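Here, residue 1 is the first one in the sequence, and each next residue gets the next number. In what follows, every heavy atom counts, from backbone to side chain, and hydrogens, waters and symmetry copies are set aside. The shown structure was predicted, so the numbers you read here are calculated from the model rather than taken from an experiment.
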Amino acid sequence: MGVGINYMTPERIELFKVLHRFKHPNCESRITVGDFNSLLAALEESKQQLADSMERERGLKHLCNQSLEEKERANRELAEAQQTIARQREVLEFYANQEHWELPSFGRGHSKVTSDKGSKARELLEEGSNKA
């Protein structure tokens, strides 16, 4: 029986109650009223358990969806952080490279760092302040 299909509708249960009152001609014995009532009680309990299980399932699905959304958000934030770190590393490597501090041949002109005048560092700092 699939979920959502209720073969024991209130109408069918009432029909069973009515049919129980009459002895079927091909039937040698009848179920007792107590047994029938016990079966009905068990049916109602099963219906309630199914409803409870379906409610728990909905709650778990909701939690799973929330967890997936949080994971996706965390993955996006991680990717952004990794990109920022890579960019910061590039700028630090530029300033840390001794060749970038050396003057061009014959001592004329400016070093790459002097020519840069800190613009790479300022750009990086501006990127960070724009994200905040």
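Distance CZ/R58 to CG/L63: 13.5 Å, rounded to 0.5 Å. Here the OG atom belonging to S53 is positioned 6.5 Å from the CG atom belonging to L50, to the nearest 0.5 angstrom. Within the model, atoms CD1 of I85 and CG of L92 stand 11.5 Å from one another, a figure rounded to the nearest 0.5 Å.
A salt bridge links E57 with K61: the distance from a Lys NZ or Arg NE/NH1/NH2 to an Asp or Glu carboxylate oxygen falls below 4.0 Å. A salt bridge is absent between R73 and E70; no separation between the charged side-chain nitrogens and carboxylate oxygens falls under 4.0 Å. Using a cut-off of 4.0 Å between Lys/Arg side-chain N and Asp/Glu carboxylate O, E93 and R89 are scored as salt-bridged.
None of E126, E127, K120, R122 except one satisfies the side chain to side chain contact (heavy atoms under 4.5 Å, CB included) rule with L124; the exception is E127.
Under the 3.5 Å distance criterion, with hydrogens and angles disregarded, no donor-acceptor pair is assigned to the side chains of E102 and Q98. Side-chain atoms of E69 and N65 form no donor-acceptor pair, as typed in the model, at a separation below 3.5 Å.
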Going through the checks in order, is the side chain to side chain donor-acceptor pair (under 3.5 Å) test met by T84 and R87? CA-CA 5 Å; T84 299; R87 178 76 176 114; over 6 Å; no
CA sep, side-chain torsions, deciding dist, call: W101, K112, side-chain contact (heavy atoms from CB on, under 4.5 Å): CA-CA 6 Å; W101 290 88; K112 289 182 180 181; over 6 Å; no
Start with the C-alpha gap between E44 and L40, add the side-chain angles, then the distance that decides, and say whether side-chain contact (heavy atoms from CB on, under 4.5 Å) holds. CA-CA 6 Å; E44 290 301 320; L40 284 176; 5.6 Å; no
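Between H100 and Y95, the ring center distance fails the sub-6.0 Å criterion.
In terms of heavy-atom proximity, G109 sits nearest to P104 at C-CD, 4.1 Å.
Checked by atom type and distance alone, the side chain of T114 never pairs as donor or acceptor with a backbone atom of H110 at under 3.5 Å.
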